[in-house]
S.K.: 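The structure under discussion is supplied below as structure tokens; questions concerning it will follow.
In this text the structure is predicted, and so the values were computed from the model without any measurement. Proteins get letters first, then strands, A, B, ... in listed order; numbering begins at 1 in each.
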Protein chains: 2
Amino acid sequence: MSAPASKSPATLHDVAREAGVSLATASRSLNGSARKVNEAYRQRVVEAAQRLGYTTNLFAQAVAKGSTTTVALLVADIADPYFSSIAAGVIDAASEEGLVVTIAVTGRNAQRELDTVRALRGQRPRVLILAGSRTTGSAFEEHLRAELSSFEDTGGKVAFISQDAAPFATVLLDNRGGAHDLAVSLAGLGYRDFAVIAGPSEIRTSEERLDGFTAGLAEHGISLPPERVVHADFTRDGGYRGTQELLASGAHMDLVFAANDVMAVGVVSALRDAGIAPGEGIGVAGYDDIPTVRDITPALTTVRIPLEDVGRRALQLATGSAYDGGADSGAGPTPITTETIIRGSTPRR
Amino acid sequence: MSAPASKSPATLHDVAREAGVSLATASRSLNGSARKVNEAYRQRVVEAAQRLGYTTNLFAQAVAKGSTTTVALLVADIADPYFSSIAAGVIDAASEEGLVVTIAVTGRNAQRELDTVRALRGQRPRVLILAGSRTTGSAFEEHLRAELSSFEDTGGKVAFISQDAAPFATVLLDNRGGAHDLAVSLAGLGYRDFAVIAGPSEIRTSEERLDGFTAGLAEHGISLPPERVVHADFTRDGGYRGTQELLASGAHMDLVFAANDVMAVGVVSALRDAGIAPGEGIGVAGYDDIPTVRDITPALTTVRIPLEDVGRRALQLATGSAYDGGADSGAGPTPITTETIIRGSTPRR
DNA sequence: CTGTTAGCGCGTTCAT
DNA sequence: ATGAACGCGCTAACAG
């Protein structure tokens, strides 16, 4: 019932007229970079703009300037704490630079990821950040790289999070090293019979963690029999079901390592539901240190990743605003410090 | 070191030339609404576009058409499961309609919220969704309304989540009713000495829940003494500290209700750290039913809100694509069904 | 320092 | 059905 009269927003033209100056002057006083405009005029323009409720049309500005203030972020699942924490970092860093971030989700589907990247290019974002769990081996992989290369050729900047994806900038997470150290720590605590619940085998992050973990155990002369490694969805429910599978197989184990915290949470619940006290009967460890793992019982042993920082770094890496002292900053991968955190879920045996 | 030659992306013009047709024909074959173009031509254009790696410049398109394909979403904190779940719903529904969503965070700061809305208007979004916890009483409130009204006057659509904010469209969450029912259920379980850890008193969502809870108790002849109500940050740590405060006051209580689940998680941890078994010594209840509360120990009693649906509904409400059969759908508030979920944290006494 | 003019990439009349 | 020309809101290069 309200007036659908829908006037269009005030334009710079309107403001100029209202202030009695030229379009150029209005533009300069409102957005211009090198400000060289009479203060009196500037005042009038600003006031006129205010009076009219004018806001710069970013789209038009982008078209005219040929560059946008948009950052596109691609995640597998925004409701997953891992990604939402990273997103928080990206958004924070972006807003500091006056950039707006648009988020798209891929649902861990390679085809969809490719489509999304293509669609996103229509936005002509200044930078494109891919935080999705890189998958491996698919034909999409090379299509994606082609798409991204072409994106960079036309002035865009891309940043990956997690796996090195040369020649693109990368915030490198040392999944292998982190999992390796975790394994060493756990072995040091006295654990001997390990089992791993990994994500789908196409997910690189998961595979790297599995590799590193295996390597770490090997250093202690502990081997990880294939039947003690199960693959499941990279989600809480995946962890839950993986545990059930492990339990059903009758495997003997004193510690379960889940490839990420979200899965580990599922592991803990599954153990408990099966009548096994997590941390007492069987130790549990995860990876990421998402906020909630401090609050489950027992608190989860994990490998800490400064998720928000990772997001922030990714953006800075792409925009070139990183504090990196590196000689060639922006080109090489930026390593992130990771740390094993022992909590109640893995008491000394 | 790589070629910074940075050619600009292919334009529609390039495609037209490559295909040997006019700009208009190219436009019609690629984006046109009413398609009335010779199939042979269309083919050639599409192929040319593919060959050149052309992607429609959404900004330019927006400028030309005067309308965008952007949805702006405002949340208090994207890393908070409450908001990230809602965001997931919004993004999902948006992508179904070919809309891109940009997310901005306010950090529960009214001034910043206002600034952000203003900045976001520059994007000329089709719809603006405010999921942030509405604050009350501040002068910003009316500035915000003015800003939003003006946004709607110029063709935008705004949708609120949670509190009714007439005349704007709203996905109404019945905080009062939900908390009321929760209180009734808890009283029915035998609890008598209640305490509440609410959020900051300016946050409406928190106040409504407190109100409803108090009313529900009253129906059972139970009163909630003022000293049993503490206010704290609307975060996990807020819940933790609020609990410590409550404990320090020596208050006698058999149940703690936290105004949201994130806080309740903090409550559970604080109790445990204080040597009190949550669920045995003192019952704990929250609100929202965020994913993790199933996995903490004991599992948390709470009021379930279908968060993703809420996000989806908000978008549909704003774009008018809701399935609502309502006569005046789009104008009135859309109620969401909420439900009390009793779990291990509140055993019968 | 200011105003005029010509684009930016695209959609859309208007003729043809 | 197709193409030429104009306009969207804004910036940038050009004169004054």
S.K.: Can you find an N or O donor on one side and an acceptor on the other, under 3.5 Å apart, linking the side chain of A:R124 with the base of C:dG9?
M.R.: no
S.K.: Give a yes/no on whether any side-chain N or O of A:S27 is located under 4.0 angstrom from OP1 or OP2 of D:dC10.
M.R.: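 Negative; the distance criterion is not met.
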S.K.: Quick check for you: among D:dT2, D:dT11, C:dT2, whose closest atom lies nearest to any side-chain atom of A:A64?
M.R.: D:dT11
S.K.: Expressed as a whole number of angstroms, how long is the span from B:E39:CD to D:dA1:P?
M.R.: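 Interatomic distance, CD of B:E39 to P of D:dA1: 13 Å.
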S.K.: Check the distance between D:dG3's C1' and B:N38's CG and give it to me in whole angstrom.
M.R.: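 Taking atom C1' of D:dG3 as the reference, CG of B:N38 is at 14 Å.
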S.K.: So B:F160 and B:F168, would you call those rings parallel, tilted or perpendicular, with 30° and 60° as cut-offs?
M.R.: tilted
S.K.: Donor-acceptor pair, A:T106 side chain versus A:R108 backbone, under 3.5 Å?
M.R.: yes
S.K.: Report yes if a side-chain nitrogen or oxygen of B:N57 is closer than 4.0 Å to either non-bridging phosphate oxygen (OP1 or OP2) of C:dC8; otherwise report no.
M.R.: no
S.K.: For A:R28 and D:dG9, give me the distance from atom CZ to atom C1', rounded to whole Å.
M.R.: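 Interatomic distance, CZ of A:R28 to C1' of D:dG9: 16 Å.
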S.K.: CZ of B:R42 versus P of D:dG3: gap in Å, rounded?
M.R.: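 After rounding, the gap between these two atoms is 16 Å.
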S.K.: Taking only N and O in the side chain of B:N31, is any of them less than 4.0 Å away from OP1 or OP2 of C:dG11?
M.R.: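 Looking at the OP1 and OP2 atoms of C:dG11, one of them is under 4.0 Å from a side-chain N or O of B:N31.
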S.K.: Would you kindly give the NE2-to-P distance between B:H13 and C:dG7, to the nearest whole Å?
M.R.: 13 Å
S.K.: Does B:V101 form a side-chain contact (heavy atoms from CB on, under 4.5 Å) with A:T102? I'd like the steps, not just the answer.
M.R.: CA-CA 6 Å; B:V101 7; A:T102 88; over 6 Å; no
S.K.: Indicate yes or no: does A:R112 engage A:D115 in a salt bridge with an N to O separation below 4.0 Å.
M.R.: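 A salt bridge is absent here (no side-chain N lies under 4.0 Å from a carboxylate O).
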S.K.: Should the pair B:E47-B:R44 be classified as a salt bridge under the 4.0 Å nitrogen-to-oxygen rule?
M.R.: no
S.K.: Which heavy atom of A:L317 sits nearest to which heavy atom of A:T170, and what is that distance?
M.R.: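 Result for this residue pair: CD2-O, 3.5 Å.
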S.K.: What's the closest nucleotide to the B:A60 side chain, out of C:dC10, C:dG3, D:dG3?
M.R.: C:dC10
S.K.: Between C:dC10 atom P and A:Q123 atom CD, what is the distance in whole Å?
M.R.: 14 Å
S.K.: For the pair made of CG in B:L12 and C1' in C:dG11, what is the distance, rounded to whole Å?
M.R.: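 Going from B:L12 (CG) to C:dG11 (C1'), I get 9 Å.
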S.K.: Strictly below 4.0 Å: does B:Q61 bring a side-chain N or O up to OP1 or OP2 of C:dG11?
M.R.: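 Indeed, a polar side-chain atom of B:Q61 lies that close.
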S.K.: Taking CG from B:L52 and P from C:dG9, how many angstroms apart are they, rounded to a whole number?
M.R.: 14 Å
S.K.: Which part of the nucleic acid does A:F59 contact within heavy-atom distance under 4.0 Å: base, sugar-phosphate only, or nothing?
M.R.: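 Here A:F59 touches no strand at all.
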S.K.: Within residues 15-24 of chain A, find the residues that approach DNA chain D with a heavy atom at under 4.0 Å, and present them sorted by residue number.
M.R.: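 Those residues are A:L23, A:A24.
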S.K.: Looking at B:R17 and B:D14, is there a salt bridge between them, counting it only when a charged N and a carboxylate O are closer than 4.0 Å?
M.R.: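 Yes, B:D14 and B:R17 are salt-bridged.
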